[in-house]
Structure formats: C-alpha cells, structure tokens
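It should be emphasised that the depicted structure is a prediction, and the values quoted were computed from it without experimental measurement. Note that ligands are numbered from 1 as they come in the structure, with each ligand's atoms numbered from 1 the same way. Note: hydrogens, waters and symmetry copies are ignored here, and every other heavy atom, side chains too, is used.
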Amino acid sequence: MTAVRERRTCALCGTGTAGHVVLSLPSTPCANGFVDKPQEQERFPLDLQLCPAPECGHLQLAAVVSPSLLFDDYVYASGTSPSFVRHFGNYAERAIDLLGLDEKSFVVDVGSNDGTLLRQFVDRGVTGVHGIEPARGIAEIAESRGVPTTVAFLDSALARDLRDRFGPANLVTANNVFAHIGDLAQAASAVRSLLGPRGVFVFEVSYLADVVEGLLFDTIYHEHVAYHAVRPLVRFFDRMGMTLFDVERVPTHGGSIRVHVANDDRAVSPRVAELVKSEEEAALFSARTYEEFGERIRTRGQKLREQIAALKHDGWRFCGYGAPAKLTTLMYSFALDADDVEFIVEDSPLKRGLFTPGTHIPVVGPEKLAEVSGQRYCALVFAWNYYDTIVAGHADWSGLWMNPLTLARLDGRAVE
Ligand SMILES: [Zn+2]
C-alpha cells in the first residue's frame, strides 16, 4: 500500500480539485507519530485544497496519508480527560431526550475510542450500544468497560453485519472522526444503511469558521483530511438522500459543530441557513481567505519567536505542557525544536517516556515541573484548549505560562 494518495476530486461533491491548493504548511511526520527513541521519520506534505464548485467550497487535504499508518498505534484516549467525560454525558442526555431512546434502542458510535460516549448511554439505561474503533489497544479498553466494540473502520459490509445482528440503529454518532474519513460518501452511505427509517446520525467535528477566525491552524494535520463548514455538508447529505436538519456550535476543540442528519425528509431548523449565511459572509469559500490565513500564521510565528528570544535573553528556559497531536503542526509551522523546548509535561501516561514526532523532545510526567520549580522556566501550553485548567491546576508553580497560539501569558497580557 502506498503511504500517500493525492486527492484530485472533492470528497463531498466530486468536483475536480487539482490545482486548487490554497494553503501550504510545512510538511511534518504523522502528528501522533510519537517514538520511543529519536529516529529518522518520514515527513508528508500538508497542503489544503478548496473545492471550486460554487455551491460547495469544501476544504480538504491535498494528500491523504494511509489510515493504517496513522491510526494503528494511536495514543489518545478520550476518557483520560474529565472535561470530555462531562461533555459526552451532556451529549448523551440530549440525544436520549431528542430521540426518546430507552433500553430497546440501538446506538452505534463510529470511532468510539475507549467507549467514553457509549458508557454515558449505558449509564443512563440505553444499554444497546456498539462501538466501531480501528485502534485495537483502545478498543480493548472500551471492551473492559463493558462497551462491545468491533475493531475496524466503518464500511458498508460492517454496517450490514451490525444491522443483521442487532437490528437497525436509532442513533449513529461520530465525534471528532468525520474530519478523519477520506471517503465521506462511502461512510455516509454505510451510516444510512445502518440507520432505521426514522434514525438520526449525529456527529461533532471541528468547525472551519472557528479554525479561520481563531487561527487554530495547528488543528490541521494528516489525520484531519477534511475541514468542515455547514454549506458543503448540506449539499453533500442531500446528494446522499439524507437531510441535514439541525446544527449547533459547541466549544469542543476550540470550536466545533454538532450536526444532526436524518434518514428521512424532515423540517430543517433555521439555524442551518443562518450558519450558511455567516460562512458566506466570512468568505470561507474564497481562496483569498486562506492566503491571508497563511500570512497570519507567519506573522504569529515571528512574534512567538521574538518573545522566546527575548525571554531567553533574560535567562528563561522553555518547556511545553501537553503533547496533543496538534503540537506537531505548531512546532513545524513556527520552526520550534528541541533547542527551544527542553521537555514536554504530559498528564496522560500514554505518551510519557516517548519523544515528539520529528522534533524528538522528551515527554515527561508532571513531577518534572516540580523538579524545575524555582528556576526560570516558561511553559508553552500546546494543549491550549485546556489552558485555563492546566494553569489553575498548577497555581503554586513559579514559572511563566504562555499559550503558543494566542501568545497570551499567565498575566493575561495578550501580545498581538
Ligand atoms: Zn465540492
């Protein structure tokens, strides 16, 4: 199998996209390619294409890295983060209310990770659940928590098999995976055949409008092959014979949308048209927007490097806090390496003892922070979506905190 496949058509509408690259970030290794010792790591291009079709405008990666390369050793488990558990608890309650789910219902989660979301359904009496998760190690964690899980990617054969064994699903969910799927038509068609006639598909995905507005460029990495806005999705599901009938903005990952899609025709919430209008007003489907986006990244990186140099001059040393996948894009785009960042503290034990992809900075436990307490250390919070929680959790630390994306510091002094 080749490691990289060039995209020539839009994943949502099939229009030719060759020659429509609107943003090129530096090539990087796989964002989750943490290694147990420094070694040569292959880098892959990180270019974005914008679909030129007037009713679409879908943004996607120009080169798709083979999923088996990206996901086999995936080291991320959502249950390790308390805020995700709370988020999914709320999510399950809303879905149970909306669809009137009970112990006779059947809920399938695509990309079910360690079973955190499905566990929330089970705990609320919706016991007919099934997870689909390609990473075996994480699927085993889900199984041990009483969430039946198939180790696979979703396709039509698996959808048929699940429907034969358990009946049609009342609800199919997919959170933070719809951006990861290369063949969205195949995935949507599998979801459609798994759902009953009144079934609903709910998915959450990072929202392109938030990425552009907040300059969240580090959420662009190879696992995210698609950057979703509402307008292209409305047209896509219509073409798939489904109805995108509601959408809401949620705060996950710096800004996401929770999209509701039905297998039948039904009344569409005015929220859908409102968001499409705001996307067009924000010029999300114009190449110019992404040229400016690239400019903003360069300017921000320059400012960060100036601040690092100034602090170093005053005797400060640097570490990182949090080793999320998005760290890789940020380090390469801002040209940070092991000379800048000495070590990275990570709360989750899964990545400790490993080295960051390509830049090979050691990932260590929180005890290291206590060790350097009293020295002049500045921590760059790469897990910026948890910035406040992380800072609040280490109130007694003597160092300086900085959000490498917004350049905000501990004292709240944003430098722009
Ligand atoms: Zn398109």
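The pair Glu204-Arg249 does not meet the salt-bridge criterion, since no charged nitrogen lies less than 4.0 angstrom from a carboxylate oxygen.
No donor-acceptor contact under 3.5 angstrom links the side chains of Asn32 and Tyr221, judged on distance only.
Of all the heavy atoms in Leu405 and Leu215, the pair that sits closest is CD1-O, 3.7 Å.
Contact check for Cys319 versus Glu342: no side-chain heavy atoms found under the 4.5 Å cut-off.
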Next on the checklist: Run Val191 and Phe203 through side-chain contact (heavy atoms from CB on, under 4.5 Å) and show every step you take.
Outcome noted: CA-CA 11 Å; Val191 168; Phe203 66 94; over 6 Å; no
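At a cut-off of 2.8 Å, measuring from the Zn ion (ligand 1), the protein N, O or S atoms that fall short of it are Cys10 SG, Cys13 SG, Cys51 SG, Cys56 SG, waters left aside.
Sorted by first and then second residue, the ring pair (Phe, Tyr, Trp, His ring centres under 6.0 Å) pairs with a member in residues 39-70 read Phe44-His222, His58-His228; sequence neighbours excluded.
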